[in-house]
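Following: one structure in structure tokens, then a few remarks.
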Amino acid sequence: MLISILVPLACAALLCACAYIAYRLGLEEGRQRGMSEAYNLYVSAGAIKDNARSKITRDVSSTHVAIGSTLLALASSAFLYMIPAKPVDHSLHGVFRRWQGEAWVIVIKYPQRQLREAKLYEDDVLVGPANSDPQDISAKGRGLYRLYKEADETAPILMFSSSDNTDPNTNGRKYRLE
């Protein structure tokens, strides 16, 4: 609890410190230049001497802006790094379509390299066995499932049946892959 309060406060303090440093750099440069520089540029805008001085002043000003921007970017990055990652939701969302018999299918968003190891849970209870034959899933049901991706398909598909062969759209249970 304490960490969830302290981390945002520390990040906000870091952002304020970087903004203050950038402000001070710009304020100090403004004091050094003063209004005389602006007046000189106004009076003799076409003079080579003033143009050279103006170029040097702009280079210093650009350097200060770059330093301030870099500090602000670093502080922002630190802030984003400290935000805890949201846990990945493995729940299956969408409409389950009846394939045939007791089998239902849904297109899933799941890392393809993990398809063989993925396990299907129905309300936190493991069902299966995995990689069952599609005909068995259709004929028997009872929690059998198969994850596959055909060569001509762009996303993996989960074919499964609920543990009691009811419609997964209306039985009130939650399904997830892990």
Is there a side-chain contact between Trp104 and Met159 in this structure, where contact means two heavy atoms from C-beta onward sitting under 4.5 Å apart?
no

Say whether Val107 and Trp99 are linked into one hydrophobic cluster, either directly or through other cluster members, by side-chain heavy-atom distances under 4.5 angstrom.
yes

Quick check: do Leu92 and Leu177 have side-chain heavy atoms less than 4.5 Å from each other?
yes

To the nearest 0.5 Å, tell me how far Leu158 CG sits from Arg146 CZ.
11.5 Å

By the ring-ring contact (aromatic ring centres under 6.0 Å, His included) test, which pairs, at least two apart or in different chains, include something from residues 158-178?
Phe96-Phe160, Phe96-Tyr175, Phe160-Tyr175

Sequence neighbours excluded, which residues qualify as side-chain hydrogen bond (donor to acceptor under 3.5 Å, both in side chains) partners of Arg98?
none

Partners passing side-chain hydrogen bond (donor to acceptor under 3.5 Å, both in side chains) against Asp124 (at least two apart in sequence or in another chain)
Arg176

Once ring-ring contact (aromatic ring centres under 6.0 Å, His included) is applied, do any residues pair with Tyr121, and if so which ones, sequence neighbours excluded?
none

Within the structure provided, determine whether Leu147 and Leu120 are in side-chain contact (heavy-atom separation under 4.5 Å).
no

Can you list the residues that meet the ring-ring contact (aromatic ring centres under 6.0 Å, His included) rule with Tyr145, with sequence neighbours excluded?
none

Between Ser162 and Thr166 (side chain of the first, backbone of the second, donor and acceptor by atom type, cut-off under 3.5 Å), is there such a pair?
yes

Please check this pair: side chain of Asp123 against backbone of Lys174, looking for a donor-acceptor N/O pair closer than 3.5 Å.
yes

Table please: side-chain donor-acceptor pairs of residues 131-144 below 3.5 Å, with sequence neighbours left out.
unit_1 : atom_1 : unit_2 : atom_2 : d
Ser132 : OG     : Pro129 : O      : 2.8
Asp133 : OD2    : Gln135 : N      : 3.2
Ser138 : OG     : Gln100 : O      : 3.1
Arg142 : NH1    : Ser163 : O      : 3.4

Atom pair CG/CD of Asn165 and Glu102 - distance to nearest 0.5 Å:
4.0 Å

Any non-hydrogen side-chain atom of Asn169 less than 4.5 Å from a side-chain atom of Val95?
yes

Salt-bridge criterion met for Arg173 and Asp167 (N-O under 4.0 Å):
no

